[in-house]
Protein chains: 4
Amino acid sequence: MSNDNLIIAGKAYSSRLLVGTGKYQDFAQTRAAIDASGADIVTVAIRRTNIGQNAGEASLLDFLPPSEFTYLPNTAGCYSADDAVRTLRLARELLDDHRLVKLEVLGDPQSLYPNVVETLAAAKTLVKEGFEVMVYTSDDPIIAQQLEDIGCAAIMPLASLIGSGMGILNPWNLQLILERVKVPVIVDAGVGTASDAAIAMELGCQGVLMNTAIAAAQDPVLMASAMRKAVEAGREAYRAGRMPRKFYSATPSSPTSGMIGR
Amino acid sequence: MSNDNLIIAGKAYSSRLLVGTGKYQDFAQTRAAIDASGADIVTVAIRRTNIGQNAGEASLLDFLPPSEFTYLPNTAGCYSADDAVRTLRLARELLDDHRLVKLEVLGDPQSLYPNVVETLAAAKTLVKEGFEVMVYTSDDPIIAQQLEDIGCAAIMPLASLIGSGMGILNPWNLQLILERVKVPVIVDAGVGTASDAAIAMELGCQGVLMNTAIAAAQDPVLMASAMRKAVEAGREAYRAGRMPRKFYSATPSSPTSGMIGR
Amino acid sequence: MSNDNLIIAGKAYSSRLLVGTGKYQDFAQTRAAIDASGADIVTVAIRRTNIGQNAGEASLLDFLPPSEFTYLPNTAGCYSADDAVRTLRLARELLDDHRLVKLEVLGDPQSLYPNVVETLAAAKTLVKEGFEVMVYTSDDPIIAQQLEDIGCAAIMPLASLIGSGMGILNPWNLQLILERVKVPVIVDAGVGTASDAAIAMELGCQGVLMNTAIAAAQDPVLMASAMRKAVEAGREAYRAGRMPRKFYSATPSSPTSGMIGR
Amino acid sequence: MSNDNLIIAGKAYSSRLLVGTGKYQDFAQTRAAIDASGADIVTVAIRRTNIGQNAGEASLLDFLPPSEFTYLPNTAGCYSADDAVRTLRLARELLDDHRLVKLEVLGDPQSLYPNVVETLAAAKTLVKEGFEVMVYTSDDPIIAQQLEDIGCAAIMPLASLIGSGMGILNPWNLQLILERVKVPVIVDAGVGTASDAAIAMELGCQGVLMNTAIAAAQDPVLMASAMRKAVEAGREAYRAGRMPRKFYSATPSSPTSGMIGR
């Protein structure tokens with residue numbers, strides 16, 4: 001697999017699993033789970049996690065040193081383009097002119113569904129300011145294309161609502177996005193268990209980003225290991241080229257090839 | 001994971017992926033794929049594969065030495081209890097009083113759906129004769145229980161038709177079986193890609209048996225590796241205890257816990 | 001629609017919706033709901049409903065006169081072939097040599113899943129004794145064929161467990177049955193709401209039998225009307241020949257025709 | 001059912017099925033199918049159908065007199081807010097200051113997926129100009145709310161791509177919209193057969209709009225009748241209050257209530 005790296009904004013990563021850092025018991029568990037996940041890129045909610053803003057408190061930077069992990073500051077909790085932009089400018093300062101960020105602008109606090117209009121506005125500003133923007137969005141293929149046109153570094157559609165664990169509710173829309181977008185498409189939000197991650201990869205996504213599915217499992221470290229294997233399994237299955245579906249083995253031409261996945 | 005072995009008829013196996021040996025280009029590819037799969041148990045269609053019956057021909061035994069793998073002779077191509085029993089007696093002779101076998105009695109050559117009445121009859125005879133019977137069957141939970149009552153060593157319900165690659169069409173019936181049967185339940189037939197195998201394990205199955213999904217992939221060796229990881233991922237996710245599904249993250253009590261899987 | 005009758009054992013019925021008579025508040029509600037359903041055939045649990053066995057009690061016969069409805073005595077609550085046969089012989093006596101019956105032999109009282117081995121045995125006896133047997137069974141296509149071979153008048157596979165309202169869990173198996181069986185195939189058990197009934201008819205089933213979906217709705221009479229329309233809608237859609245599925249309208253040849261239904 | 005009208009922009013309609021007028025063999029077939037559908041509201045693609053623009057040609061107005069049907073001019077084929085606004089201004093002129101319109105602004109000619117940004121812009125202008133805007137959109141619940149906030153008279157999310165017949169790909173998103181929006185929610189696009197329409201209504205939608213599912217059926221008039229019944233069936237089932245789903249009938253508290261639909 002050495003040649004099958006994930007390339008984002010020109011940089012190669014060996015793991016296709018991106019993970020969040022929230023919702024763990026403590027930073028030690030965070031570290032143990034992330035180690036088990038094999039992730040290179042860790043996303044951090046700037047509004048919730050101390051990476052230096054709060055001088056007296058424990059800092060995530062001590063447990064996940066930026067020398068070992070690629071930080072992906074995110075705008076969780078932002079409901080407007082302005083808020084999101086301001087939050088990422090702060091992250092840039094805190095992390096020594098760090099440019100790779102995750103943009104999310106949410107529509108309401110109950111559903112946490114993205115507000116795509118505000119997301120488009122924020123993406124425009126951030127790209128102009130030199131950020132490399134990995135953008136959380138809905139599974140709307142036209143919006144996905146517009147975000148790519150603006151210059152986003154990765155398109156990250158939801159599988160289902162943040163924190164829901166409902167899996168991929170509409171693989172068809174993901175397929176529409178995959179057919180249209182050339183930058184990496186990374187499923188972000190909604191993965192609940194290992195097979196969800198495998199399915200995302202089998203559809204042809206370039207990676208999966210998750211947090212709750214690992215942190216809220218009964219055994220987060222074991223689940224992190226499961227997710228690592230699931231992402232690799234799904235990627236390998238995608239590359240291996242699955243057998244055709246055929247309702248009857250004996251009648252290979254039976255017309256079931258149109259079902260989702262490949 | 002060292003303590004999480006698959007136990008069949010009192011013997012422990014480290015891999016929960018069981019694989020077939022047919023449909024490959026040649027025995028060398030068979031061996032390469034099985035190595036990549038990490039399987040301990042390999043199933044062999046006695047009516048189709050030479051393990052000594054045809055003296056002059058290449059024998060599978062040379063490529064997959066019984067010292068390295070546990071052979072599981074099967075009755076593929078049998079449509080009656082008599083045929084199946086006769087076939088497995090022959091296997092027992094060819095393999096030095098080997099007792100662990102896979103029984104399948106099919107209903108018709110088009111669907112390859114099991115004939116459960118003939119399967120029950122064959123299972124009775126074989127158990128009486130001292131065979132350790134891993135039995136391919138439908139996803140009928142009452143039949144599954146009857147097969148266990150007869151003394152079968154493992155119940156192996158279909159996910160979907162043999163060679164179809166359609167995945168798990170009725171997870172609810174698998175769940176009914178898992179709630180009723182104490183011997184290992186191993187999904188056999190219908191797995192098409194990695195996520196299918198992961199889902200089977202997440203449901204709580206003890207293992208997965210497959211052949212076409214690996215052999216008919218465009219790259220069988222890479223798919224074998226994918227399947228190995230998928231089975232491990234699904235097993236670990238099952239043991240780790242997945243997060244609860246909740247349609248809204250913000251309303252944790254919302255009633256979506258009833259969906260399939262755990 | 002006048003020519004599109006349901007033919008069972010040589011007799012024509014204008015409604016393709018068959019309904020149960022249990023679980024209602026009282027016989028008056030039973031009657032109102034059945035009137036709204038438009039059903040010709042009503043099934044009666046001989047072990048639970050008084051049709052004359054209990055001389056002093058109110059009798060269903062007074063509310064649903066056999067002159068207006070075709071009675072279909074059933075063996076709900078029977079767990080062996082013997083019990084079922086005995087129950088239907090009693091029904092035959094009570095109903096003046098009535099021959100059209102519904103056979104069901106269940107596997108256990110929790111799942112109410114059919115015991116197909118006992119069902120086969122009972123069907124053989126009943127057919128030999130001149131009954132016209134409409135038989136409740138699993139969705140096993142081989143068993144369905146065996147029941148037809150025995151001489152059953154209609155094959156009635158489950159959609160999901162009795163009383164579950166889970167809808168059609170495995171349309172693929174129904175399709176296998178529909179391809180194999182020439183007598184009417186009527187989905188029996190598991191329908192929960194109107195669309196479930198429509199889907200059964202769109203698959204090509206000849207009818208739908210239900211009880212709980214109507215009786216346990218908040219407004220049983222209105223739900224009975226919904227079911228009447230749903231069965232007619234599904235039947236008409238089946239006869240009308242649905243549009244092909246195509247993922248993109250603009251690329252009519254895209255391969256999605258293999259999904260279930262027609 | 002006399003009190004269960006569909007109310008749009010203050011006006012009551014007895015049918016909850018809205019139909020298109022395109023893709024038929026000729027205007028006579030259009031009329032026959034629409035009669036069978038029972039629809040009150042018929043939508044007309046101003047760019048494709050002659051309602052007076054082309055003086056010498058047959059006009060739809062002669063076959064579907066505006067005295068009998070409520071016309072709903074639509075902007076099929078428009079890819080920008082400007083185009084859509086211009087088209088509906090033309091329709092207003094042609095139809096004597098008619099105000100009830102269907103707005104659709106598409107993202108690309110292959111997918112026909114809505115462009116929600118342009119749709120929002122057009123909706124703002126049209127509402128300001130006094131139009132009563134029924135708006136075709138994606139199943140994005142935040143966008144749906146924004147369209148309601150602008151003053152649209154009905155929100156019409158897709159079930160799946162226009163002309164695809166794929167049914168409701170993401171009922172969860174429809175549910176999010178239904179929980180947020182107070183004006184009528186009408187599923188528009190993607191319905192393929194009768195059960196799809198019934199499901200939309202069972203989810204709580206106020207109506208269904210379709211064209212291809214009827215016009216491209218093998219027998220459009222019979223399919224129109226099926227759709228009429230399916231919409232009524234789904235609506236009645238919704239009002240009747242379906243039975244709870246429970247995996248086992250015998251254990252009524254088993255946790256399956258979270259599945260989609262009610």
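Hydrogens, waters and symmetry mates are skipped; everything else that's a heavy atom, side chains included, is used.
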Trainee: Side-chain contact, heavy-atom cut-off 4.5 Å: R239(C) with L222(D)?
Mentor: yes
Trainee: Could you tell me whether the side chain of K229(D) reaches within less than 4.5 Å of the side chain of E236(C), counting heavy atoms only?
Mentor: yes
Trainee: State the CD-CD distance between E232(D) and E232(C), to the nearest 0.5 angstrom.
Mentor: 10.0 Å
Trainee: Which of these passes side-chain contact (heavy atoms from CB on, under 4.5 Å) with T193(C): E202(D), R245(D), M243(D)?
Mentor: E202(D)
Trainee: For chain D, which of D196(C), I214(C), I199(C) has the most heavy-atom pairs under 4.5 Å?
Mentor: I199(C)
Trainee: Report yes or no: does R242(C) contribute a side-chain atom to a donor-acceptor pair with the main-chain N or O of G165(D) at less than 3.5 Å?
Mentor: yes
Trainee: When heavy-atom pairs shorter than 4.5 Å are enumerated against chain D, which of G192(C), G167(C), A216(C) gives the highest number?
Mentor: G192(C)
Trainee: I'd like to verify something: which residue of A213(C), S160(C), G234(C), A217(C) has the highest number of heavy-atom pairs under 4.5 Å with chain D?
Mentor: A217(C)
Trainee: Could you report the tightest heavy-atom contact between A233(C) and A194(D), atom names first, then the distance?
Mentor: O-CB, 3.8 Å
